[in-house]
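See structure below.
Chain A is the first sequence line, chain B the second, and so forth, proteins listed ahead of strands; every chain is numbered from 1.
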There are 2 protein chains.
Amino acid sequence: MVNRDTGKKKISESTIRRLSLYYRALSLLEKENYETISSRELAKREKLTPAQVRKDLSFFGSFGTRGLGYPVSELKDRIAKILGINRIWNVAMIGVGNIGSALVSYKEFQKQGFAIKLIFDNDQRKIGSNHKGLIVSDIKEMPHLLLEHNIEMVVLAVPAIVAQYIVDEVVQAGIKAILNFAPINLKVPDDVFVRNENMSMELEYLSFAISNNYTPN
Amino acid sequence: MVNRDTGKKKISESTIRRLSLYYRALSLLEKENYETISSRELAKREKLTPAQVRKDLSFFGSFGTRGLGYPVSELKDRIAKILGINRIWNVAMIGVGNIGSALVSYKEFQKQGFAIKLIFDNDQRKIGSNHKGLIVSDIKEMPHLLLEHNIEMVVLAVPAIVAQYIVDEVVQAGIKAILNFAPINLKVPDDVFVRNENMSMELEYLSFAISNNYTPN
DNA sequence: TATTTATTGTGAAACAATTCACATATACAA
DNA sequence: TTGTATATGTGAATTGTTTCACAATAAATA
Ligand SMILES: NC(=O)c1ccc[n+]([C@@H]2O[C@H](COP(=O)([O-])OP(=O)(O)OC[C@H]3O[C@@H](n4cnc5c(N)ncnc54)[C@H](O)[C@@H]3O)[C@@H](O)[C@H]2O)c1
Ligand SMILES: NC(=O)c1ccc[n+]([C@@H]2O[C@H](COP(=O)([O-])OP(=O)(O)OC[C@H]3O[C@@H](n4cnc5c(N)ncnc54)[C@H](O)[C@@H]3O)[C@@H](O)[C@H]2O)c1
């Protein structure tokens with residue numbers, strides 16, 4: 001009955017991604033003043049099955065009450081803890097071009113606990129300029145600034161051609177988490193996590209889908 | 001031996017996404033003047049297994065030569081055809097704010113065959129203004145303009161609060177493919193494809209990974 | 001307090017994706 | 001030609017993920 005945390009259960013990537021969905025749904029439910037939510041209702045909102053919801057959550061503990069459902073606020077907090085978002089992360093943005101500055105302007109990240117503390121570029125016209133209260137630092141200063149400001153995550157928004165070079169420096173500085181927008185397969189050591197945000201891939205998926213009358217699930 | 005296309009094989013989402021990876025890798029190989037590539041080499045470049053590469057491709061035909069590998073240019077073209085990117089897609093951008101204008105400025109999409117033909121906003125200060133050669137249209141004109149310009153895909157970069165309302169109009173206009181940046185679960189009919197680009201989810205995944213010393217694969 | 005109702009938590013079953021392993025085919029060298 | 005090396009294409013085996021189905025349990029009701 002009790003789901004003791006015996007360390008190394010294998011959590012699938014899909015489960016982790018769904019935790020994000022649950023978290024967002026629960027945040028909304030909290031605003032709508034729901035006290036509890038059943039796996040059935042939560043599943044319906046995220047277009048999943050109730051069993052899927054229960055199984056996902058069961059990997060981390062038993063958070064619900066039989067006959068009643070899950071306590072909204074409490075479950076939300078539990079998931080925040082599981083995802084590691086019950087805290088502030090110090091983030092640096094590298095490359096303040098089109099995408100980089102759009103992201104820096106986006107206040108939601110800050111609200112969700114991803115605080116952009118430093119922004120870097122190599123363009124002399126940009127260095128020293130002000131972006132939403134942040135001064136663009138010279139990329140040359142990156143290695144020591146990342147350390148000094150306890151940066152733990154980096155968003156890469158530089159041209160693909162320089163991305164690997166910069167990542168090597170980022171890794172040198174001890175960063176273990178990178179969100180990469182450059183359309184390139186970055187090489188990093190095993191203990192560094194990279195997520196790629198690749199809009200072309202999503203467009204290609206859509207292209208495939210309509211071209212082939214694709215029917216998932 | 002011959003892999004006749006008998007219509008409805010079930011292609012997994014993962015396979016489709018990997019086709020995009022193969023396509024990008026092959027484009028690069030072509031530039032590097034490779035004539036042929038083995039599944040082993042291709043797999044290595046994309047951090048996959050050779051068997052995975054061969055299996056993925058085998059769903060669509062047999063493109064390789066035993067003992068030699070796959071012909072780079074030809075395979076690239078074949079994949080382009082499979083993905084439906086051997087043509088130009090007419091795309092509309094809805095919402096010309098931070099993200100929307102960053103995407104409009106990004107010339108790679110055009111090069112990859114995703115041609116942004118129309119851009120929409122509801123802000124009077126933006127309507128009529130010029131963005132990279134495109135004039136911002138009034139969102140009120142969207143329904144008929146989408147039809148008139150044969151738009152087939154739409155990128156949604158509007159605030160979450162209005163996203164569902166706009167999607168309903170987009171669907172009304174017969175659009176079957178939507179790339180959505182708003183952090184909301186859009187409701188659409190079964191024959192409309194939506195891909196969500198959600199950076200918060202990626203950051204949360206990274207957060208989970210470093211918080212839990214996560215080891216995928 | 002007893003009964004009914006709702007819903008969880010979870011092994012087992014079903015389904016899906018990946019990897020194995022090898023017969024088969026081609027290139028190329030001798 | 002013939003032989004050797006290489007690498008595909010694919011059923012079968014394995015591994016991973018989702019769904020099923022139901023005992024367990026708490027809440028609500030009588
Ligand atoms: N803009 C988009 O919509 C979009 C979409 C998908 C992918 N991307 C990718 O995101 C990345 C950035 O795209 P963008 O459109 O913002 O490009 P951009 O050219 O507008 O911005 C890149 C920025 O990086 C800076 N830079 C270049 N070299 C640098 C270095 N060595 N050190 C530090 N900074 C450096 C440039 O000065 C510039 O400010 C690219 O890899 C691009 O392929 C962009
Ligand atoms: N900027 C980012 O980095 C970022 C990151 C992740 C997600 N997003 C999401 O992308 C979307 C856009 O973000 P943004 O930062 O570009 O916001 P933004 O406010 O800069 O841009 C939104 C644009 O949509 C327009 N708009 C508002 N209502 C409209 C309507 N009814 N019809 C047509 N246009 C309308 C606004 O005038 C504005 O130009 C949001 O949903 C946001 O949550 C943005």
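- Taking 4.0 Å as the cut-off between side-chain N and carboxylate O, A/Arg24 and B/Glu204 do not count as a salt-bridged pair.
- Rounded to whole Å, the distance from CZ on B/Phe63 to P on C/dA25 is 19 Å.
- C/dA16 atom P lies 13 Å from atom CD1 of B/Ile11, rounded to whole Å.
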Distance-only donor-acceptor hits, side chain of residues 68-82 of chain B, under 3.5 Å, sequence neighbours excluded:
unit_1  : atom_1 : unit_2  : atom_2 : d
B/Ser73 : OG     : B/Glu30 : OE2    : 2.7
B/Lys76 : NZ     : B/Glu30 : OE1    : 3.1

Please enumerate all protein N or O atoms sitting under 3.5 Å from an N or O of nucleotides 18-20 of chain C, with distances to 0.1 Å.
unit_1 : atom_1 : unit_2  : atom_2 : d
C/dT18 : OP1    : B/Arg18 : NH1    : 3.2
C/dT18 : OP2    : B/Arg18 : NH2    : 2.9
C/dT18 : OP2    : B/Gln52 : NE2    : 3.3
C/dT19 : OP2    : B/Thr49 : OG1    : 3.0

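- Rounding to whole angstrom units, CD of residue B/Glu35 and P of C/dC28 are separated by 11 Å.
- Listed candidates were C/dG9, C/dT26, C/dA27. Nearest to the side chain of B/Leu68 is C/dA27.
- The only member of A/Val154, A/Val167, A/Val188, A/Val192 that meets side-chain contact (heavy atoms from CB on, under 4.5 Å) when paired with A/Ile175 is A/Val154.
- C/dT7 atom P lies 13 Å from atom NZ of A/Lys44, rounded to whole Å.
- Under the 6.0 Å distance and 45° angle rule, B/Arg45 counts as a cation-pi partner of B/Tyr34.
- Side chain of A/Tyr214 to backbone of B/Ile11: a donor-acceptor contact under 3.5 angstrom is found.
- The base of C/dT26 lies outside donor-acceptor range of the side chain of B/Arg66, with no N or O pair under 3.5 Å.
- Per the geometry, CZ belonging to B/Arg17 stands 20 Å off P belonging to C/dA16, to the nearest Å.
- Of the side-chain N and O atoms in B/Tyr70, one or more sit less than 4.0 angstrom from OP1 or OP2 of D/dG9.
- Residue B/Lys10 contributes atom NZ, which lies 9 Å from atom C1' of C/dA16 at whole-angstrom precision.
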*Before giving the answer on salt bridge (Lys or Arg N to Asp or Glu O under 4.0 Å), spell out for A/Arg18 and A/Glu13 the whole-Å C-alpha distance, their side-chain angles and the decisive distance to 0.1 Å.*
CA-CA 9 Å; A/Arg18 284 192 297 268; A/Glu13 172 168 338; over 6 Å; no

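- The side chain of B/Ser39 lies closest to D/dT8 when the candidates are C/dT26, D/dA27, D/dT8.
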